[in-house]
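As a basis for the values below, the full set of heavy atoms in this structure was taken, side chains included, without hydrogen atoms, waters or symmetry mates. One-based numbering, in listed order, for ligands and for the atoms of each. Everything quoted here is computed from the prediction, not taken from an experiment.
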Amino acid sequence: MSCIYGPVPSRRLGLSLGIDVVPRKTCSYDCIYCQLGRVTNKTVKRDIYIPVEPIIREIEDFLGQMNVPVDYITFSGSGEPTLHSQIGLIIGQIKEMTSIPVAVITNGSLLFMDEVKRDLGQADLVVPSLDAVSKTVYETINRPEESLEINRVIQGIVEFRAQFRGQVWIEILYCRGINDDPSEVARMKRVLEKINPHQIQLNTVYRPPAEDFASPVAEERLREIKDIFGPKASVITPYRGNQSFGGKGEVETRIIDALKRRPLTAEDMATILGLHPQEIVKHLKVLLNDKRIRHRLHGRRSFYEVAT
Ligand code: SF4
């Protein structure tokens, strides 16, 4: 499977070319809200999960034929990117190829390791997650690999922020009744003051989660928390943009490829593929009939995912 995907419109980063450097569901966490489903390879072992050369070649090819302006090249996708032991080398090579800023979306769990701090040093933007600051809440929501401790994770993020020259945005995903109670929010505020990120982004469960009990918090509660955290905080709302761009390839193959990364609505797919929603619906019907994809309701929204 290709290591790059998109460009996809992102709620935070504009039009973003995604790079996946670890196999699907390879992560140091197994978050209850994960849109990939339950993690199958929970690990803190850093390794060359995917060889560097093909990744670089794919990025080179994309940049050579780029026909849309990309705002960010973003490491994210199907697992935890800092588990790739050569991510620093890959970022360095991208920086030699292009001036497009590089972002790393990470769960932040490995930033306590000096080599991970060093590896991300050349990125322009790092977005670590921090959903909880107390041990029990952390273990409930993120279900971390057994050697990980929340205090060490927080300390890693604090140290990284202090030495990193780029932007650090903290993302907090709130699940109703799990990490949104006033005492956890108050503790989080104190930790955020210590980290001193450039931005704080508040998110909730907008896509079908790994566990049915991971429910979204009301937008009103998110706004209350935002007010508690102050002016650096903002609430991320689901992407509703209207950028469209064409691309090569069979529509059904591209739909499947996009759904391998995460569940999407027909509206999301229309945006990503630059097609009219009615056109997308036609292809979805074929794929549903062939049992290559399935349909799932989350909240009041209709999502599609790859049938496994
Ligand atoms: S949400 Fe992110 S950090 Fe959590 S299990 Fe999924 S890939 Fe890992």
Suppose I only count heavy atoms of Tyr33 and a 4.0 Å limit; which atoms of ligand 1 are within that range?
1 (S)
For ligand 1, which atoms, with element, lie under 4.0 Å from some heavy atom of Val39?
5 (S)
Answer side chain, backbone, both or neither: which part of Cys27 comes under 4.0 Å from ligand 1, heavy atoms only.
side chain
Determine whether the side chain, the backbone, both or neither of Asn142 has a heavy atom under 4.0 Å from any heavy atom of ligand 1.
neither
Could you identify the single nearest non-hydrogen protein atom to atom 5 (S) of ligand 1 and state the distance to 0.1 Å?
Cys31 N, 3.2 Å
May I ask you to say whether Arg207 pairs ionically with Asp268, meaning some side-chain N is under 4.0 Å from a carboxylate O?
yes
Using a 4.5 Å cut-off on heavy atoms from C-beta on, say whether the side chain of Val127 contacts that of Arg12.
yes
Atom 8 (Fe) of ligand 1 touched by protein (heavy atom, under 4.0 Å)
yes
What I want to find out is whether Asp119 reaches Arg46 closely enough, with some N-O distance under 4.0 Å, to be called a salt bridge.
yes
With a cut-off of 2.8 Å, does any N, O or S atom of Cys34 fall short of it relative to atom 6 (Fe) of ligand 1?
yes
Here the atoms of ligand 1 under 4.0 Å from any heavy atom belonging to Asn107 are 3 (S)
Taking only Lys NZ, Arg NE, NH1 and NH2, and the carboxylate oxygens of Asp or Glu, determine whether Arg143 and Glu211 approach each other closer than 4.0 Å.
yes
Is the shortest side-chain N to carboxylate O distance from Asp124 to Lys95 below 4.0 Å?
yes
Would you mind checking if Glu184 and Arg187 are paired as a salt bridge, meaning a charged N to carboxylate O distance below 4.0 Å?
yes
